[in-house]
Every structure is written in structure tokens, then in C-alpha cells.
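Notes to accompany the following structure.
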Protein chains: 2
Amino acid sequence: MKKKYRHVAAVHSKPRTSCLSHDSQVSPSFLGFRNLMVIVLVVGNLRLMIENFKKYGVLICIRCHDYRRQDLILGAALYFIIPCHLFLAYIVELVAAQQAQASLRAGKKRDGTATPGGSYIASDEERRKFQSTWILIAWIHGINVSLCLLITSVVVYFFIHHPLIGTLSEVHAIIVWLKTASYAFTNRDLRHAYLHPSRREEDALPEIYSECPYPKNITLGNLTYFWWAPTLVYQPVYPRTKKIRWVFVIKRMSEVFGLNAFMWIASAQYAAPVLRNSLDKMASLDLPSILERLMKLSTISLVIWLAGFFALFQSFLNALAEVMKFGDREFYTDWWNSPSVGVYWRTWNKPVYQFMKRHVFSPLIGRGWSSGAASIAVFVFSGVLHELLVGIPTHNIIGAAFIGMVAQLPLIAITAPLEKMEGINGRIIGNCIFWISFTLIGQPLAALLYFFAWQAKYGTVSKQLVKA
Amino acid sequence: MKKKYRHVAAVHSKPRTSCLSHDSQVSPSFLGFRNLMVIVLVVGNLRLMIENFKKYGVLICIRCHDYRRQDLILGAALYFIIPCHLFLAYIVELVAAQQAQASLRAGKKRDGTATPGGSYIASDEERRKFQSTWILIAWIHGINVSLCLLITSVVVYFFIHHPLIGTLSEVHAIIVWLKTASYAFTNRDLRHAYLHPSRREEDALPEIYSECPYPKNITLGNLTYFWWAPTLVYQPVYPRTKKIRWVFVIKRMSEVFGLNAFMWIASAQYAAPVLRNSLDKMASLDLPSILERLMKLSTISLVIWLAGFFALFQSFLNALAEVMKFGDREFYTDWWNSPSVGVYWRTWNKPVYQFMKRHVFSPLIGRGWSSGAASIAVFVFSGVLHELLVGIPTHNIIGAAFIGMVAQLPLIAITAPLEKMEGINGRIIGNCIFWISFTLIGQPLAALLYFFAWQAKYGTVSKQLVKA
């Protein structure tokens, strides 16, 4: 029904508050501002892309890269030599296993009193013998594994100029180094348990290993599986999947390919000019300008890092796991929500974290070290590996990667209480400290330092730069 | 108890999925990435601030602004003249109210049959008389109110050079224009109800008005309250608060002061250089460059707009409402979450929305217009007001503001279905369309166009630009 009076409605009929006022009972949702942030980020970076294109044109150029013939040959040679050390370790373990079998048989024959469960009580003399044998085996393993890293590092540092080939070789050597160490340590304990079984429940071997008891695991097939499995931690038996989903593998490998192309374009077109522009600022120690360059670099280095993380830990390792029918795909958990720096290091790279925990941290704790001291040991060790990984291929062992890793320790200590704070605020502050220290300072500063050191030593990375 | 074997723990004991895989049962939280976005936005803009400072130095300069003596005098004169039209409207209403009282008394005396409730059934002749009187009153009001807008517009367009003084005068005139219109329309209906009361329930006047029935509301005090009240809609009675919290007023006014200083700095230091840099691109119609400038401008115009919104609708209107003991503080609701462009226009500026709904939209619907046609009328009317508001003080009636307002109609039509879509996605898309159309295209494009037109006409805004 039509109203007679159209201009008299009481628009203001009761007291109300503005929704942003403190007087307001409920605080409004700010979801729209999240959408706005995404839009502003996209637009801001699209604009920088237009600016970049107008300033530099297209910088992507395949032919411009200087892959020397010598680099390619040496890289290929290293690719085949490095895994050999894993097989040398196998031979050592094979001999040790045969000796252990012989010694067990001899022992049984000598006193003829095997306990009902087949277990056997070792004498003090036998314990000493095991220990001295282990020291010999440890030395052989140590020499073998260190040779692997030493040869690779020397070749990369002195003879492979291109940093990408060098980095790939060095990563390969470190992975094999860690795998061999895990193989040796694990088999040492398995052998010990085989020779001198303990009846204490807490010493029991994991249930899953019973499928393949020592020394049955010392076979070439078992080692080959470990060689390719997406883990740094040796186990005689792993959880396995039933079949390979090839469509899954193809999808993941397409992601790897696409993301690598993306990272290459992003580096060449966006990161390289910023790095080059910052050289004179670095040389003249112009601090505000260095800060400005660092900020500009942080976004692009973050994007490249996120793409690299996804390509390696999600796409590549899942594809590899699928092909290897490897069941445990937890290569990372939600590290981006880390409420502290410590949680980040425990979650972003599970293979390395698992190695460090099983073979460095836990054994040190077992020897009576405090958890703080064991953490320091882990980060110092990790710092050495990082420095090898970055310093050797860039031919500049300047220690920035090492210092970067060791600097995580105070950050972990500072942010640890935030994680336990009540309410959400502590976790948000911890998360922001993690992002800022990692994204804004850590990554781009390291990139700047190593790039500067490289330029100081060689003047240029590619032919293109000489032209520019 | 210490474990004997330290290197044998089964790290991989059961099948697990990567948390970003589609295989994963639960999708992880991405809250950390929200924090990262905020950090990247802050850092990205801090970097642009450093870049800006290195390029331009400090651009903020009070003396450089060209406030002519004539502008100041005319601005002050308009400030006192404009409200006079509201008081002319009061005199018209006072005469009308006295006539109505006299006519009611004469009518009662003539037929002597007042109904029990004091109501009175009007004859056809009396209705015609009311209508013809109303047409006369409407003409007087119309001439009065249009003179207010015409005088201000002519003075601002031809004699006030500085766009800020001009804009303030024009805003003032439009507010008084709207308030007078509301005063006239509302009193017309109240007078009608007074002379010819209806017994139908849906014609009943709002409960809250019973405190001050017509013609008791036609007083100078009542009008003065409406003059200063933070609303464009006249009611004889408003919901009121009991006391003035002066601390609240001081806080809100400090916000107004701080935000205005912020907007001034942001405009002078960040928006002005972008606008100036875009002039030659606009002149040569270099589209990619105009797009790049538009994108750069969008962030700073958004920030200024948000600050301006908060300063006006939250801080200033709340302070004014507190001083006026005005109870209804809902000057806006959470427009930033708008799932469609229509919702935005209904929520961001409640005083204007309430005026348009009560005095334009609803009466047209009451006359049988369709809701679409009434919406078109509202936006065309609003477009005219916007063009007056921007075009007159910048001395360029180029129609961009008008077109911008009318262009909202197709946007509203496009986004309306998104609002009703099931699930959150439709609302997110609608929200993004709102933000993009408003932040990225609407605001900065309008700023660019009027700045370009200004420069084409005058060459420069301030003395400083002549020097540059």
C-alpha cells in the first residue's frame, strides 16, 4: 500500500555508534582490506614491471650465458663421481656386516649358550672389540665421505667458473655426504644391536625395521633405494606406497619446469638489475641507498625463494617420492605460520631437520649435552654446510652464509617466548620477526654480499653485462 | 633413561602427505602470508618514500601556496552568506505554519465538527488549496535554495582561484542546499498531516516526532540544531545523548588535525610529483605510461582517500555529534567489506545516502517509478552534485565526475548478482571489482583528468611549480 507521506520517515530513530569507534560493542570485519592488500600488491608490482621494462627492455637471453666447455665436462664428471662414495661406504658396511656375522657365529660356537630369543650377552672384551672395530670403520667412512666433499669443493672452487653448475655439484656432494653419514651411523647402531642385543624395552629397534633385520639390509638394492629416496635419513625400511601415479608425477614435474623458468626470468629481468645497480652503493658504503636497494631486492628475492621452495619441496620431492613409492611426503609443514624463528627451522626443510635431529642433536643430548649446546652445534654445523654451498660455487668464502646461520641462534632465543605467549599477538609478532629477519634482511643481504664479492673478483657474470 | 642406540629412530614410520598437496585432508592456514603481505606493503612503500626523497628532497612548503587576498575575503563572505538561505527557508516555513494554523482554526470554526482525535476530514476543495499553496511554497524554496548554489558557484568559478577555498565553499553550499531541501520537504508532509490527518496506520508519523508535533517544530532553535547537526535529513526530533564527553571531542579533533596534516604532506610530497610527471604523458596520449602513472597514483590517492574518509566520517562527524549531543552516530558501516558496488554506495556515506533514499529514491518509488529508474535518477542527481563539487572549484566543468558517478550504475548492475552468489567467492570477486574500479580507476583517473585540465588552463598550481 502506498504511503501518503514520503518525506517524513525517521531515519535517525535510535542512538547508534560508528562501527570504528571504541564505543562500538562489536569490532567490524576487515576482510575487505585483505582483498585490497592483495590488489595493491599486484598493482604495485605490475607497475614496477612496466617501469623495469621501460628502463631495461627484455634482459632474458639464453645465448648470453657463459657456460664454458670445461664447466660442463667437469660438472658431468662430478655428477658420476660423487655417488661412488656412497658405494664405497656400502663396501665398508658389507665387510663390517660379514665380520659381525662371523663374530656372532664364532661367539655362539665358543660358548654355545644362545639365549631363547637368540640374543647373546656380550663380554667386556667383546664390547671393547666392537668399539675398536667401529673406530676403524668410522675412520674409513670419514675419509671416504670427506674425500667426496673435498674433491668436489676443490674442483668447483678452482675449475668450475659458472656458479649454477658449481652449486648443483656442491649440493649433490653435500647430499651424498649427509646420506653416507646417516648410512654409517645407522648401520653402526644396527650392528651393535645385532651383536649385543639389549633386553631393555627402550632400546628396542623400531617395529618397521623388523621386515628387514640387520644384516639383511646391507644389499646393493637397499642402498640404491636410499640413494634416490627423498630423505637424508637412512632406514632399512621405509613406509611405501602401492603404485606410481604417473599423472601425478607429470603434473609435479611440469610445476618444477614452469617454476624454474619463472625463477630464471625473475632473476634475469628483475633481480639482476637491482643487484647491478647496488654495486656502486656497496662500494661507497652509502647506507641509505644500500637500505633502499635491500628493500627493492627483498620482494623479488622473496618471490624467487617462494617459487624455489615450492619447486623443490612440493613439486620435485613429491614427484621423486611418487616414482620411488616413498610413503612419507611430509617434506615441510606450514612454516609460513611460524610463531617463532625456531619453529621455522624445524618445519621448512624436514629432510635436513630430520637428519640434524637424528644424527647431531639427539646423540649429543644422549651424551649429556644441554639442549642449548646441542642447538649451537647443529647451527654451527649447518652454517659450515651453508658456507660451502654458497661460498665455494661463488669462489668467495666470505663467511656471510655461516654468520647468517649462526645468527639464527639469538633470533630463536628472542622469539621462543613469543611462541608461548597467551593470545594471538605474541604469535603474530613472532611471525613478523621471522618474516622480516628472513625476507628483508637475511636473503637479500646475503645475495647482495655474495654478488658484490663476485663482482669484486671477476667483474661480471655474463657476456651481456660486459656489453651493458 | 638414556637410550643405547641413538641413530636408529624411525623418522619415516608412516605414510604422510605434504600439506600443500591435493592429497592432503585438511588445507593449512595461510595466516602467516597475511602478515607477510602487510610487511611487504610497508617495506615497498617505505622504499618508494626513500626513492622519492632522493629524487625530490622535501617538497612540503607552507609559504609556496598562493592564497590570494581576494580568495580569502570571498571565501569568508560566502561562509557567512550561505547559511542565510537556510534562515530564509525558515521564514517561508514560519509563514506557511501560521497560515496552516489559521486555516485549521477557520475550518474548525466553520463546520465545528472536529473528530474525537482532533483529526479533520479535508474536502476536495481544501486539498486543491493545499496543493496550490504548496506549489507556491515550493517555488519560493526552490528559488531561495538555487540562488544559494548559483551565487556560490558563480563566485567560486569566476572569482576564487584557489581550489581548496573554492571546494570548501562549494561543499558548504551543497550541504545547505540539501539541508534546506530536506527541511522544506519534511515540513510539507508534516503540515499536510497536520491539516488533513489520515487514519490509516501506515500513514502514522514516526513515534519519535510526538515530542514536538507540527507546527511546534518551526522555531529558530529547532532549525539551528538542524543547521549544525551531522545529518542532511530534517527531523523535528532526533535521538539525543545525555551529556558531552569533552575528552572524546578533543581526541576526535586531534585526529582530524593529525590526519589533515598527513593528507597535506602526502599530497605535496607524493601525489603532486606523480601528477606533474604524468602531464607530458597525458598530453602525448602515451597509453602504457599513463597506465603506469595511474598505478603509481592509485596507492597514494587510496591512502589519502582513506585518511580523508576517517578524518571526516569517523573523527569530525563524531566530534560534531558529541558536541551537538546527536545520538545516531552511524555515519558509515563497514563499506570496505562491500560484496558489490551497490553496497558500497549504500554504506560509505550514510548522510548523503539517507538524504537520497528519503527525498529522492523513496518518493519516486511512491510515485510508481521502478527501482532501476529511481536509482538512475539518484545517480544522475548525485553526478551533477559531484561535478559541481569538483568542476567549479577547479574551474573546469569537464564532466568526468558526472560520468564517474553515472558509470557506477552499470558497475552496480554487474556486481549485484555476485552479492547473492552462494559461498564466499562471489563476495570476494564483488569486493575486488569494487576496490579496483574505485581505487585503481575511479579516484586516480579523476585526479589526473582534473589536474591535467587545470594545468592546461593555468599552467601551474603554486609558486613552487613555477620555480621547478
Side-chain angles (χ1 to χ4, degrees), chain A residues 1-20 28-29 31-33 35-37 39 43-44 47 50 185-186 189 193 198 202-203 206 208 233 235 238-239 292 295-296 299 314 318 327-331 333-334 336-337 354 358-359 362-363 366 431-432 435, chain B residues 1-20 28-29 31-33 35-37 39-40 43-44 47 50 185-186 189 193 198 202-203 206 208 233 235 238-239 292 295-296 314 318 327-331 333-334 336-337 354 358-359 362-363 366 431-432 435:
Chain A
M1 203 181 274
K2 271 162 69 177
K3 281 189 181 175
K4 197 166 173 189
Y5 309 121
R6 292 162 187 150
H7 297 281
V8 289
V11 169
H12 307 288
S13 55
K14 56 180 188 292
R16 286 182 290 196
T17 56
S18 304
C19 68
L20 292 175
S29 152
L31 213 65
F33 283 116
N35 299 338
L36 176 63
M37 283 203 300
I39 293 168
V43 170
R47 188 189 74 78
I50 297 179
F185 279 130
T186 310
D189 274 7
S198 157
E202 63 274 15
D203 290 338
I208 192 175
V233 165
Q235 291 181 195
Y238 293 100
E292 190 268 343
M295 284 167 148
K296 177 134 191 179
T299 313
Q314 168 63 16
N318 262 294
D328 185 1
R329 312 284 169 90
E330 208 185 68
F331 306 117
T333 51
D334 59 339
W336 47 88
N337 298 324
Q354 286 159 347
R358 195 199 204 210
H359 297 301
S362 297
N431 187 249
C432 288
W435 279 119
Chain B
M1 201 183 277
K2 272 162 66 177
K3 281 187 182 175
K4 197 167 172 187
Y5 312 121
R6 292 161 187 152
H7 297 280
V8 290
V11 169
H12 307 289
S13 56
K14 57 180 188 293
R16 286 182 291 195
T17 57
S18 305
C19 68
L20 293 176
S29 152
L31 215 67
F33 282 117
N35 299 337
L36 176 63
M37 283 202 301
I39 294 168
V40 169
V43 170
R47 187 190 75 78
I50 298 179
F185 280 129
T186 310
D189 274 7
S198 157
E202 63 274 16
D203 290 338
I208 191 175
V233 165
Q235 291 181 194
Y238 294 100
E292 189 267 344
M295 283 167 149
K296 178 134 191 179
Q314 167 63 16
N318 262 293
D328 185 1
R329 311 284 170 91
E330 209 184 68
F331 306 116
T333 51
D334 59 340
W336 47 89
N337 298 325
Q354 285 160 347
R358 196 196 202 213
H359 297 301
S362 297
N431 189 249
C432 288
W435 279 120

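Here is the naming used below: chain letters follow the sequence lines, and residue numbers restart at 1 for every chain.
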Interface moiety of [X] toward chain A, non-hydrogen atoms closer than 4.5 Å:
{"X": "B/Asp334", "value": "both"}
{"X": "B/Lys14", "value": "backbone"}
{"X": "B/Pro28", "value": "side chain"}
{"X": "B/Ile208", "value": "side chain"}

Side chain, backbone, both or neither: which part of A/Gln314 has a heavy atom under 4.5 Å from chain B?
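It is the side chain, since no backbone atom gets that close.
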Please report the shortest heavy-atom distance between [X] and [Y], naming the atom on each side.
{"X": "A/Pro239", "Y": "B/Pro15", "answer": "CB-N, 3.9 Å"}
{"X": "B/Arg358", "Y": "A/His7", "answer": "CZ-O, 3.2 Å"}
{"X": "B/Trp336", "Y": "A/Ser29", "answer": "NE1-O, 2.8 Å"}
{"X": "A/Arg16", "Y": "B/Asp328", "answer": "NH2-OD2, 2.6 Å"}
{"X": "B/Thr186", "Y": "A/Val8", "answer": "O-CG1, 3.9 Å"}

Please verify the inter-ring angle class for A/Phe33 with B/Trp435; under 30° counts as parallel, over 60° as perpendicular, anything in between as tilted.
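Taking B/Trp435 first and then A/Phe33, their aromatic rings sit tilted (interplane angle of 30° to 60°).
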Rounded to the nearest 0.5 Å, how far apart are [atom1] of [X] and [atom2] of [Y]?
{"X": "A/Thr299", "Y": "B/Arg47", "atom1": "OG1", "atom2": "CZ", "answer": "7.5 Å"}
{"X": "A/Ile39", "Y": "B/Cys432", "atom1": "CD1", "atom2": "SG", "answer": "4.0 Å"}
{"X": "A/Leu20", "Y": "B/Arg329", "atom1": "CG", "atom2": "CZ", "answer": "14.5 Å"}
{"X": "A/Glu330", "Y": "B/Cys19", "atom1": "CD", "atom2": "SG", "answer": "7.5 Å"}

Under 4.5 Å, counting heavy-atom pairs only, tell me which of B/Thr333, B/Val40, B/Asn35 racks up the most with chain A.
B/Asn35
For B/His12, is there any backbone N or O sitting under 3.5 Å from a side-chain donor or acceptor partner on A/Gln235?
yes
Choice from A/Val43, A/Thr17, A/Leu36 maximising heavy atom contacts with chain B below 4.5 Å
A/Leu36
